[in-house]
Enquirer: 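Below is one structure. I have some questions about it.
Start at 1 and go down the list; that is how both ligands and their atoms are numbered.
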Amino acid sequence: MLIVQKYGGTSVANPERIQNAAARVAEYWEKNDSVVVVVSAMSGVTDGLIKMAHSLIPSPNRREMDVLLATGEQTTIALMALALHARGIPATSLTGAQAGIKTDRAHSRAKIKNISPTKIRECLSQGHVVIVAGFQGETDDRMITTLGRGGSDLSAIALAAALKADLCQIYTDVDGVFTADPRLVPNAIKLAEISYDEMLELASLGAKVMQSRSIEFAKKFEVVFEVRSSMNNKPGTIVKEETKSMEDVIIRGISMDKNQAKLTLSRVPDKPGSAANVFKTLGGASISVDMIIQNNSPETAKSATDISFTVDKPNLKRAHDVLLGIKGSIGFAGLAEDDQIAKISIVGVGMKSHSGVAALMFGALADAGINIIMISTSEIKISVIVELEKADEALRALHAAFFPVHRNTNP
Ligand code: ADP
Ligand code: ASP
Ligand code: MG
């Protein structure tokens with residue numbers, strides 16, 4: 001059997017954890033399985049390198065940042081190989097480039113174009129465990145690239161697809177994917193399975209358990225994988241294509257994103273082209289907008305309207321500046337910003353076939369005395385913006401409403 005295993009930052013945080021991961025790899029290798037291990041940088045290392053770069057220059061060059069950040073994973077592959085050697089297991093470490101991972105040239109958020117796993121296959125055929133540095137690849141002209149934060153997940157999924165692995169396991173510091181972040185909601189329930197679409201929504205709406213791009217990739221190439229703990233032997237969560245029975249569960253999980261900020265343009269002239277101008281300007285500055293609300297208050301009705309929208313917190317200042325730049329041409333009266341907000345989303349494919357979910361969500365928030373600032377919906381999710389201060393409480397109130405204690409979420 002060919003197995004791809006990925007160990008995240010906390011699972012390789014120190015030599016003892018690396019030995020622990022090596023012991024798990026050994027178990028499979030001793031059963032004659034072929035094992036490809038993908039590792040992250042030891043926890044805190046990537047953040048530390050970013051901080052160091054910013055202490056030298058406020059906006060470091062992206063190409064140099066990739067050279068720098070790739071060293072984090074390069075340290076772990078060698079340490080993991082050494083830990084396996086110490087157990088008498090032949091093991092070879094490979095950088096992303098040596099493993100044949102080719103990307104486009106978008107430094108710091110590169111996309112994988114193709115993988116030629118010749119070297120990996122060669123090492124496996126010699127009976128070696130192969131350890132590949134996650135989060136990195138190279139361009140056709142051999143520049144080092146990285147795949148965006150959390151990108152080791154993508155390396156693992158992409159390698160599992162390229163190698164047609166029989167099993168893909170994502171080892172992390174929790175027992176699997178839960179109905180909500182188990183660190184924030186102590187009675188969150190571990191899911192036995194979840195569909196790609198649900199996992200993708202949860203991840204892109206704030207649950208950092210898996211990088212969202214890795215799930216898009218898994219869906220596209222139909223890579224079934226398991227998220228499980230590197231600290232115990234409990235079965236984890238299987239992520240796979242939606243099955244009919246999944247629709248029986250209305251809400252699969254709840255996620256929270258505290259990285260949001262809101263801007264409000266007041267008294268925007270109510271005429272064709274106003275909104276288009278605002279969002280064209282933001283798009284031109286590569287600022288993506290999430291939720292949008294436009295409303296006519298009684299005193300502004302007919303002549304003007306208010307437009308509110310959300311952006312990622314790091315883009316707030318830039319969004320504010322580019323909008324002020326077009327104040328004259330659009331003719332709005334005021335521009336207010338609020339970074340004390342959070343987005344909470346409920347996700348489930350069962351919403352497609354069940355009604356009354358929004359009423360239950362809004363009712364639970366009302367009962368907890370939490371005001372809803374904005375709402376947006378799609379076929380399988382409902383998101384609300386609430387005050388940052390109330391966000392943790394809102395998350396727990398919603399969890400209690402949708403997952404009453406003792407309910408089995410995996411029929
Ligand atoms: P790794 O270093 O292994 O990649 P991450 O820190 O990136 O691990 O992701 C695991 C973390 O994701 C957990 O420690 C947990 O706090 C967080 N998390 C957020 N939402 C969820 C969820 N719904 N289920 C499980 N973990 C979640
Ligand atoms: N080390 C990288 C990060 O911290 C990639 C990863 O851990 O997946 O984002
Ligand atoms: Mg991660």
Enquirer: With nothing but distance in play, are any N or O atoms of Arg149 less than 3.5 Å from an N or O of ligand 2?
Expert: yes
Enquirer: Would one find an N or O of Lys6, backbone or side chain, under 3.5 Å from an N or O of ligand 2?
Expert: no
Enquirer: Looking only at distances, can you tell me whether any N or O atom of Gly9, backbone or side chain, sits closer than 3.5 Å to an N or O atom of ligand 1?
Expert: yes
Enquirer: Could you tell me the residue and atom name of the protein heavy atom closest to atom 7 (O) of ligand 2, and the distance to it rounded to 0.1 Å?
Expert: Ser40 OG, 3.1 Å
Enquirer: Applying a 4.0 Å heavy-atom criterion (strictly less than), which segment of Asp181 is in contact with ligand 1: side chain, backbone, both, or neither?
Expert: both
Enquirer: Heavy atoms only, cut-off 4.0 Å: how does Lys208 contact ligand 1, side chain, backbone, both, or neither?
Expert: both
Enquirer: For the side-chain contact (heavy atoms from CB on, under 4.5 Å) test, which of Ile157, Leu147, Val239 pairs with Ser214?
Expert: Ile157
Enquirer: With no hydrogens and no angle check, just 3.5 Å: does a side-chain donor-acceptor pair link Asp197 and Ser195?
Expert: no
Enquirer: Any nitrogen or oxygen of Gly148 lying under 3.5 Å from a nitrogen or oxygen in ligand 2? Just yes or no.
Expert: no
Enquirer: Counting both backbone and side chain atoms, is some N or O of Phe178 under 3.5 Å from an N or O of ligand 1?
Expert: yes
Enquirer: Do the side-chain N and O atoms of Ser108 and Arg62 include a donor-acceptor pair separated by under 3.5 angstrom?
Expert: yes
Enquirer: Is there at least one pair of N or O atoms, one from Asp153 and one from ligand 1, spaced under 3.5 Å apart?
Expert: no
Enquirer: Heavy atoms only: which of Leu184, Thr172, Val185 lies closest to atom 8 (O) of ligand 1?
Expert: Thr172
Enquirer: Counting heavy atoms only, which part of Ala180 comes closer than 4.0 Å to ligand 1: side chain, backbone, both or neither?
Expert: backbone
Enquirer: Distance under 4.0 Å to a non-hydrogen atom of Pro182: what atoms of ligand 1 satisfy this?
Expert: 24 (N), 25 (C), 26 (N), 27 (C)
Enquirer: Looking just at side-chain N and O atoms, do Ser40 and Ser152 make a donor-acceptor pair shorter than 3.5 Å?
Expert: yes
Enquirer: Short N/O distance, under 3.5 Å, between Thr179 and ligand 1?
Expert: no
Enquirer: With atoms numbered from 1 as shown, which atoms in ligand 1 lie under 4.0 angstrom from a non-hydrogen atom of Lys6?
Expert: 4 (O)
